[in-house]
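The block underneath contains the structure these notes are about, expressed in structure tokens.
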There are 2 protein chains.
Amino acid sequence: MEPRKLTRNQALVLETLTHAEAPLSAYTILDKLRDHGFRAPLQVYRALEKLTEFGIVHRLESLNAFVACTHPHDHGPEKGVIAFAICEDCGQVSEISDPEIEDRLAHLALKRHFTTEKTTIEMRGHCGNCTAA
Amino acid sequence: MEPRKLTRNQALVLETLTHAEAPLSAYTILDKLRDHGFRAPLQVYRALEKLTEFGIVHRLESLNAFVACTHPHDHGPEKGVIAFAICEDCGQVSEISDPEIEDRLAHLALKRHFTTEKTTIEMRGHCGNCTAA
DNA sequence: ATGCCACACGTTATAGCATAACGCAATTGA
DNA sequence: TCAATTGCGTTATGCTATAACGTGTGGCAT
């Protein structure tokens, strides 16, 4: 699933997200890439879809926006659940990978005979820096 | 925060959600209420905003849709985190309130000096009934 | 090389979700 | 009664996402 090489569009979208300091919406990405020939939302959405599959971009459901993965290691499609802590002041997003939560959710699901395909955990609030300031 | 009485619009929207067997989008609610005089999305969104504040309706971020709260007790604005298990086959949503997850998330946030305002936990998958069938 | 296949791409159009801004009406409480 | 607050209705608009169509390109087996 992890590709040898990204296509031009995928690379451009990823680069845009990587350089951003906060999550970006698809349309914001589109605007940033107009100079590189992007004209339509689908160009962005298609790239985002692949990058998300590859596990190097995450979608934040509560924002309808996307971030580049900051986990140093292990790309490739989602081995585990990732929780996001999203600062509403500065936009900073930190990724949290926690086996305890994962196990607990798995337990709760099992108890209900629920088969989980995909899990979203997002905390909205204020990071340490912004709280201090 | 919990109101003595709902307005007409709020009551209609809540009733629609209560009778639904799956989460409804705002526009779906609008369509169902045209016969009752609803004409514009804002009528629905305004009601939903209040009902959500009251804690008797929940928004599902990963669906852009809304459900009536099924917790028997304790309405009123969110004392705790609620996790949702959403069946992609039948649309059934079950609400899970689990102190362990809550504590663990609180711990993880604290460790990062992150102040949490609102937490979203949504599991997408298949309920027992649908898996059996 | 030829033909085929899979995949990315570009474009247009459309669908679906959400809110801004205005003014009026009803309710409440001093 | 008056003022303040809240809800309401309407119009307009903006943001988010996908459908459907056709083109181009690169790999690869024949």
Side-chain angles (χ1 to χ4, degrees), chain A residues 1-17 20 22-54 56-67 88 91 118 120 122 124, chain B residues 1-17 20 22-54 56-67 77 86 88 91 118 120 122 124:
Chain A
M1 190 56 85
E2 174 89 1
R4 332 198 303 290
K5 189 166 182 349
L6 299 178
T7 68
R8 171 183 154 84
N9 284 5
Q10 288 162 14
L12 285 168
V13 168
L14 178 56
E15 193 184 356
T16 303
L17 283 173
L24 299 180
S25 76
Y27 278 73
T28 302
I29 296 171
L30 174 58
D31 286 340
K32 288 181 182 290
L33 289 177
R34 292 215 185 265
D35 293 346
H36 294 271
F38 275 52
R39 318 278 332 181
L42 261 197
Q43 295 175 280
V44 177
Y45 280 108
R46 288 203 272 233
L48 286 171
E49 183 184 1
K50 288 301 179 185
L51 292 169
T52 301
E53 275 179 33
F54 300 157
I56 52 188
V57 161
H58 300 296
R59 176 189 171 84
L60 300 177
E61 303 285 353
S62 68
L63 293 180
N64 293 330
F66 302 82
V67 284
E88 309 212 298
K118 185 174 185 305
T120 300
E122 297 177 15
R124 308 277 298 270
Chain B
M1 190 52 87
E2 176 90 0
R4 332 198 301 293
K5 188 167 180 355
L6 298 178
T7 67
R8 172 183 154 82
N9 284 6
Q10 287 160 16
L12 285 169
V13 168
L14 178 57
E15 194 184 354
T16 304
L17 282 174
L24 300 180
S25 76
Y27 278 72
T28 303
I29 295 171
L30 174 58
D31 286 340
K32 287 179 182 291
L33 290 177
R34 293 215 186 264
D35 293 346
H36 295 269
F38 276 53
R39 318 277 333 182
L42 262 196
Q43 295 174 279
V44 178
Y45 280 109
R46 288 202 273 233
L48 286 171
E49 183 184 1
K50 289 300 180 187
L51 293 169
T52 301
E53 275 177 34
F54 300 156
I56 52 187
V57 161
H58 300 295
R59 177 190 170 83
L60 300 177
E61 304 285 355
S62 68
L63 292 181
N64 294 330
F66 303 82
V67 283
I86 305 165
E88 310 213 299
K118 184 174 187 308
T120 299
E122 296 177 16
R124 307 277 298 270

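By convention in this document, chain letters (A, B, ...) are assigned in the order of the sequence lines, proteins followed by strands, and residues within each chain are numbered from 1.
- B:F38 places its CZ atom 14 Å from the P atom of D:dG7, with the value rounded to the nearest Å.
- We find that CD of A:E49 is positioned 12 Å from P of D:dA17, with the value rounded to whole Å.
- Atom CG in A:L48 sits roughly 15 Å away from atom C1' in C:dA8 (whole-Å rounding).
- Applying the 4.0 Å criterion to OP1 and OP2 of C:dC9, one finds that A:Q43 has every side-chain N and O outside that range.
- When the P atom of C:dC9 is taken as reference, atom NE2 of A:H36 falls 15 Å away, rounded to whole Å.
- Between the CZ atom of B:R8 and the P atom of C:dA25 there is a distance of 18 Å, given to the nearest Å.
- Rounding to the nearest 0.5 angstrom, the gap separating the CD atom in A:E88 from the NZ atom in B:K118 is 9.5 Å.
- Taking five base pairs at each end of the helix from C:dA1-D:dT30 to C:dA30-D:dT1, the local helix axes there meet at an angle of 30°, rounded to 10°.
- A:V13 is listed as a side-chain neighbour of A:F38, based on a closest heavy-atom distance under 4.5 Å.
- A:L6 has its CG atom 13 Å from the C1' atom of C:dA8, to the nearest Å.
- Here salt bridge (charged side-chain N to carboxylate O under 4.0 Å, His left out) pairs that include residues 23-36 of chain B, with residues two or more places apart or in two chains, are B:D31-B:R34.
- An OP1 or OP2 oxygen of C:dC9 is reached within less than 4.0 angstrom by a side-chain nitrogen or oxygen of A:T7.
- Atom pair A:R34:CZ and C:dG10:C1' shows a separation of 14 Å (rounding to whole Å applied).
- Applying the side-chain hydrogen bond (donor to acceptor under 3.5 Å, both in side chains) criterion to B:S62, with sequence neighbours excluded, gives B:E122, B:R124.
- Between the CG atom of B:L30 and the C1' atom of D:dT10 there is a distance of 13 Å, rounded to whole Å.
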Can you tabulate the close N/O pairs, meaning under 3.5 Å, that link protein atoms to atoms of nucleotides 18-21 of chain C?
residue, atom, partner, partner atom, Å
C:dA18, OP1, B:R59, NH1, 3.1
C:dA18, OP1, B:R59, NH2, 2.3
C:dA18, OP2, B:Y45, OH, 3.1
C:dA18, O5', B:Y45, OH, 3.3
C:dA18, N7, B:Y27, OH, 2.7
C:dA18, N6, B:Y27, OH, 3.2

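- Looking at heavy atoms from C-beta onward, B:L6 lies in side-chain contact with B:F54 at the 4.5 angstrom threshold.
- Taken from OG1 in A:T28 to CZ in A:F66, the straight-line distance is 11.0 Å, to the nearest 0.5 Å.
- With sequence neighbours excluded, the residues satisfying side-chain contact (heavy atoms from CB on, under 4.5 Å) with B:A65 are B:P23, B:L63.
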For residues 39-49 of chain B, tabulate all N or O donor-acceptor pairs below 3.5 Å that involve a side-chain atom, not counting sequence neighbours.
residue, atom, partner, partner atom, Å
B:Q43, OE1, B:R39, N, 2.6
B:Q43, OE1, B:A40, N, 2.8

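- For A:N64, the side-chain hydrogen bond (donor to acceptor under 3.5 Å, both in side chains) partners two or more places apart in sequence, or in a different chain, are A:R59.
- Each of A:K50 and B:S25 lies near DNA chain C, and the nucleotide nearest A:K50 is the one positioned closer to the 5' end.
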